[in-house]
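Presented below is the structure to which this report refers.
Both counts, for ligands and for their atoms, begin at 1 and track the order of listing. Note that these values count all heavy atoms, side chains included, but never hydrogens, waters or copies made by symmetry. These numbers come from a predicted model, not from an experiment.
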Amino acid sequence: MPPVMPYVNQFTGDASFYPPLRKKGRSERSVTLHRLMVSPENSIEDLLRIVSENRPFDTDNLATAIHKLAKLRRNQNVPYEVITEDPRWMMLIQQVVENGTAFIWPMRLLALVAWAVASLRERRITALLFDIAAKRLALGSVPQDLSSLAWAVATARAKDAAAAALLRQVSIESTKTVQSFGPQDLAMCAWAFAKVSMRDARLLHLFADEALEKYAELNGQNLSNLVWSLATIRENHEPLMHAVSRTRAETIQGLAQQEFSNVVWSFASLLRTSEMLFRRTAVRVVGMAAQLDSQHLANIAWAYAKISHRDDGLFYVLSREAMEPERKCSPLNLANLAWAFASAGWHGEMSTRRVGLRDPKFFEWVATSAVQIAPQFTSQNCSNLVWAFATMRIGHQELFEAMSNQVQGWLISNFDPQHLSNVLWSYAKLAIKNLELFDSAADEIVKRGVEYLARTPQNLSNTVWAYGVVASTPRHLMSALEHHLTAVRGFYEKLTEVRPLGKSSRAQLAMTVLSLHRLNLTSVAWHLFDQVSRDGLQAGGEAYSNWLFIAGETRNHRREVDVFEQMARTAHTRGLQAACWNAVAVRCLTFGDEGRAKSVLQLMDREDLCNPLSEVLRKRLGDLPAPSSVGNIDWRRREKDEHEWVTNSLGFSLRLNKIEYYKEVGTLHYILSHGKYQDVPVIHRAIEAFTREQELWLKLAGDEKGAVLDKVLALQGKAKLVVEVGLYVGYSSTRMASQMRHWGGRVISMEVDPYHAAIARNTIEWAGLTDYIEIWCGHSENLIPRLKERLPEKSIDILFFDQQGTKMHLDLQRIVDFNMLSETAIVVGDNVLRPGAPQFMYWNSVAGPYETQVVSLREYKQEVVEDWMSISFWLPQSPEARMPMRIPEEVEQLGHDTDGIRWQSVESKVSEQQWESHSQRMRREFAACGIKPFEVLPYQDAQGRSQVDLRPKLYAGYAG
Ligand SMILES: C[S@@+](CC[C@H](N)C(=O)[O-])C[C@H]1O[C@@H](n2cnc3c(N)ncnc32)[C@H](O)[C@@H]1O
């Protein structure tokens, strides 16, 4: 978070702030000396000379001299020592101490001198002056004295006992006289308390109440300082914030450009959104960006990003203004700007997803500017900066080298666990294997102890993840981690302190589990699982998925069943519980563990969860008594915005979606009640009936898309192996496997969501296809190497991609690199226009070794919006097959925009019109990048069934 220095013009060159010339009772000499001192032509040296040549002088002139010296230094920005180490200055402060002047000065002069010595960092007498001021305040004061003295403490940045005592006294006196405070005093006093982090919330609320009373008299600077003070100590004063958010900027007198940035910064710090304020401010900022300094530009960007107020136009103006060659941008500003761009977009406070504004020119500018001043980067700036680049997936080599040197510099001295783990995470995210950096970080972590790193569990999970990704396993670090996670248990205790687990704890657990396996600490990953199941915790889909992945990798059947069982025990709805228990029983039977299968079925009976599938399994087992009752999978729709609130162990309310997976559980309910056992067409009709009757949209390849898959199977011939990424409830896999079983073919389907995998287990078993479909649980990125390990080369005949479109090209390339595609392989991609798969489409229809056509469909049951399914013949003999994949930047950029709308559709609603205009835009942009594949339109046959006539392969090899 960027620190903000409110714009303050108090005590700046304004002559009225000089100690007033009090003529009454003063000698002629004294008045002349005063005039001599305040002459505007005086330099610091002139003034010091005047001081030494005109001794002795009265207390008024003593105050004037000290104050004027402090102001000259500040205005000329020279080092403090130029004054404080000069013997003539020493003479002045000696005079203050020896004559007890501080007791004689009127309060106003005392406050001015206190400010002056504070601004000179003159520690030798600040405590003394604060002490005397505190005592004198108790005898009576006016608001101006109080605000000036508070200001002096803030200027000294003092937090010692004398400063604290003075502020306490200011607080006591202010409370008594707050009604006589003017707007300026309110703002100054509030600002000063916040500035030294004196968390006097009661006093600030009092000031805010009073400010509301005098709202019409407040100017822009007062307002911005007040809200800034509240934000700095994280106090929300609803009525004042509300008033500020409603006030039209042009009606506030003296609201300068700098104040805009302070106001939005304050709102963002308090996570208080105000659509109106942010919209209006954006217009003003765009109009006056040229007058803002870089810090304000960065702070404004930070504020808009923090509360997810997306305004691409504003960000464009802020960035182009910051990039002006004559501007100077500090490391802090660069880091904050980059952070803001990487964080901008649709993501709730709870979300870990960032869309970001991926502006290549801007990031290039940030990188080159940062490289030039790399040695000035603090650990925090450095960590924010690399985090932003990693989040935007921009691996700028020079920048990352420069920052690595910098990191190793501060690593050695004293690392901050959060900054270090952030940096390691960023390098790993970009797959930058800077082993020197990882080795020196490991040494430091071991030296300081893993406990230090794990004070916040996220630091540990980020670090473990980073080492896992770059496959760096320094032995001393590995054993320290193992010891910490198994014997000390601090990580698990802290991570699960607040129960039920929130989104972030579940994500951390998931990434730690997977990374431990990657680091050959698989037993530690299971140790965490045992703790979770001992405590009956719902660990979240991602963690279960990773444990299932590990069980699959290590062929550990018992563990696989354990995980499904834990999912069943912690599922919120009875329908999902039954689906998971069925999956447990199916797997036990497959692995030959009849004893466990029996006890699961008995448990289902006790819990009244028996259903048609569990009864088929019971019969297979033979000697089990009939259950007391057999129902179906329990199911009901989740109503719009229906959520359940639970209270966690800290007493906070959490919004839980307890009617989870209701569409998928509903599909299973229909399959088991309408679909006939082992009759695939009837099962598919049941799925289609579910979507029709319930008017729900399911993301599966039904109807027309199913017809495309049938045609692909026919075109390819008798495919032996289909690899599918995206199993979901098992529609497409059962559609293909039911045909392939006749010639001995089979399907391997990858699924990252463990609940989808569990539900699909039910569908597949009910369809009688368990022997023809293997489910591989986990993320395709992790599972693809398993293809290479377990199958001969060139064994995939059909590859069906139904995962995130912007990742398809990466998965494809790895499969190709492992030489897994057969000579006649066909690659099918779904949803390649909406939301879109630009990189994949570019490669398979413009530059890569494929011959591609697309079927243009109106998305299944959502006919308004167009989508494409792509069918690509793999051309292993073409010259392009020997070229590495290369995707142009404009296509990458399009991919980034595609993810934006995808995340938006997950987190909030995207209307049909928005989707339609997105599809049309993709079409245009695709064409601009050369993606203009041959298009096929499906049709209905006489029986009303969808049909599609795909074009056979044209390529016949290269002559010569
Ligand atoms: C569109 S659905 C698949 C529909 C299915 N092919 C059908 O037609 O019946 C996408 C599924 O892919 C899964 N998924 C998404 N990305 C994945 C990935 N990278 N690896 C494995 N599964 C993924 C999702 O959890 C979801 O269940």
Side-chain angles (χ1 to χ4, degrees), residues 353 510 514 540-542 544-546 548-549 552 579 660-661 663-665 667-668 671 680 683-684 686-688 690-691 696-710 712-713 722-738 747-764 767 769 773-787 798-815 828-832 834-837 840 855 857 859-862 867 869 899 902-903 905-906 946:
R353 285 186 204 112
L514 182 63
E542 217 184 317
Y544 290 137
S545 175
N546 289 344
L548 286 173
F549 166 75
E660 57 200 347
Y661 293 94
K663 285 188 191 175
E664 295 76 16
V665 172
T667 312
L668 189 56
I671 291 174
V680 176
I683 291 173
H684 287 171
I687 296 177
E688 283 158 11
F690 172 73
T691 58
L696 285 172
W697 178 75
L698 288 190
K699 45 184 182 179
L700 50 80
D703 208 21
E704 292 170 340
K705 292 194 181 188
V708 175
L709 290 179
D710 295 347
V712 169
L713 273 179
V722 170
V723 169
E724 170 182 75
V725 179
L727 165 69
Y728 195 43
V729 293
Y731 181 101
S732 51
S733 55
T734 48
R735 186 154 183 157
M736 293 186 284
S738 62
V747 175
I748 291 176
S749 187
M750 302 181 180
E751 177 53 60
V752 71
D753 187 316
Y755 295 100
H756 291 174
I759 290 168
R761 273 260 169 254
N762 287 243
T763 314
I764 292 169
L769 291 169
I773 303 174
E774 271 182 49
I775 301 178
W776 286 12
C777 224
H779 195 281
S780 53
E781 185 183 338
N782 303 320
L783 288 168
I784 285 171
R786 195 188 292 175
L787 290 171
I798 295 175
L799 190 56
F800 177 32
F801 277 167
D802 210 353
Q803 75 276 39
Q804 186 181 338
T806 50
K807 293 284 160 59
M808 287 178 180
H809 64 300
L810 301 174
D811 284 346
L812 174 64
Q813 198 52 29
R814 268 171 317 138
I815 289 175
V828 181
D830 198 4
N831 306 113
V832 295
R834 190 209 99 153
F840 175 73
V855 180
L857 333 119
E859 178 67 58
Y860 183 54
K861 299 297 161 205
Q862 279 203 325
D867 193 9
M869 209 167 165
D899 280 340
R902 225 172 76 85
W903 294 135
S905 75
V906 174
S946 299

side-chain contact (heavy atoms from CB on, under 4.5 Å) test vs M869 passes for just one of V828, V712, N831, namely V828

Exercise. Is there side-chain contact between L812 and L799, with heavy atoms separated by less than 4.5 Å?
Worked result: yes

Taking only non-hydrogen atoms of Y731 and a 4.0 Å limit, the atoms of ligand 1 in range are 9 (O)

Min over Q803, M808, R735, E664 of heavy-atom distance to atom 16 (N) of ligand 1 lands on Q803

Sidechain-backbone polar pair: R814 side chain, E781 backbone, donor-acceptor under 3.5 Å: yes

Taking a cutoff of less than 4.0 Å between a non-hydrogen atom of the residue and any ligand atom, is G778 in contact with ligand 1? yes

Answer with yes or no whether E724 contacts ligand 1, where contact means a heavy atom under 4.0 Å from a ligand atom. yes

D753 heavy atoms within 4.0 Å reach ligand 1 at atoms 25 (O)

Side chain to side chain contact (heavy atoms under 4.5 Å, CB included) filter on A757, not counting sequence neighbours, yields E751, I775, C777

Numbered in order shown, the ligand 1 atoms found under 4.0 Å of a heavy atom of M750 are 21 (C), 22 (N)

Across all chains, not counting sequence neighbours, the side chain to side chain contact (heavy atoms under 4.5 Å, CB included) partners of A758 are F564, M567, C580, A583

For S780, the ligand 1 atoms with a heavy-atom partner under 4.0 Å come out as 18 (C), 19 (N), 20 (N), 21 (C)

Do the side chains of L787 and I815 get nearer than 4.5 Å, heavy atoms only?
yes

Taken to the nearest 0.5 Å, the spacing of F690 CZ from K663 NZ works out to 8.5 Å

### Task
Would you check whether V729 reaches within less than 4.0 Å of ligand 1, judged by its heavy atoms?
no

field: Pairwise side-chain contact, Y755 with Y544, heavy-atom cut-off 4.5 Å (strictly under)
entry: yes

Note: H756, heavy atoms under 4.0 Å from ligand 1, region reported as side chain

Quick look: N831 vs ligand 1, heavy-atom contacts under 4.0 Å, and the answer is neither

Judging by distance only, is a nitrogen or oxygen of S732 under 3.5 angstrom from one on ligand 1? yes

Q.
Using a strict threshold of under 4.0 Å (side-chain N to carboxylate O), is an ion pair present between D867 and K705?
A. yes

(request) Say whether G730, considering both its backbone and side-chain N or O atoms, lies within less than 3.5 Å of an N or O atom on ligand 1. (result) no

Within 4.0 Å of some non-hydrogen atom of Y728, the atoms of ligand 1 are 2 (S), 3 (C), 4 (C), 5 (C), 27 (O)

Fill in: Nitrogen or oxygen atoms of V725 and ligand 1 under 3.5 Å apart
no

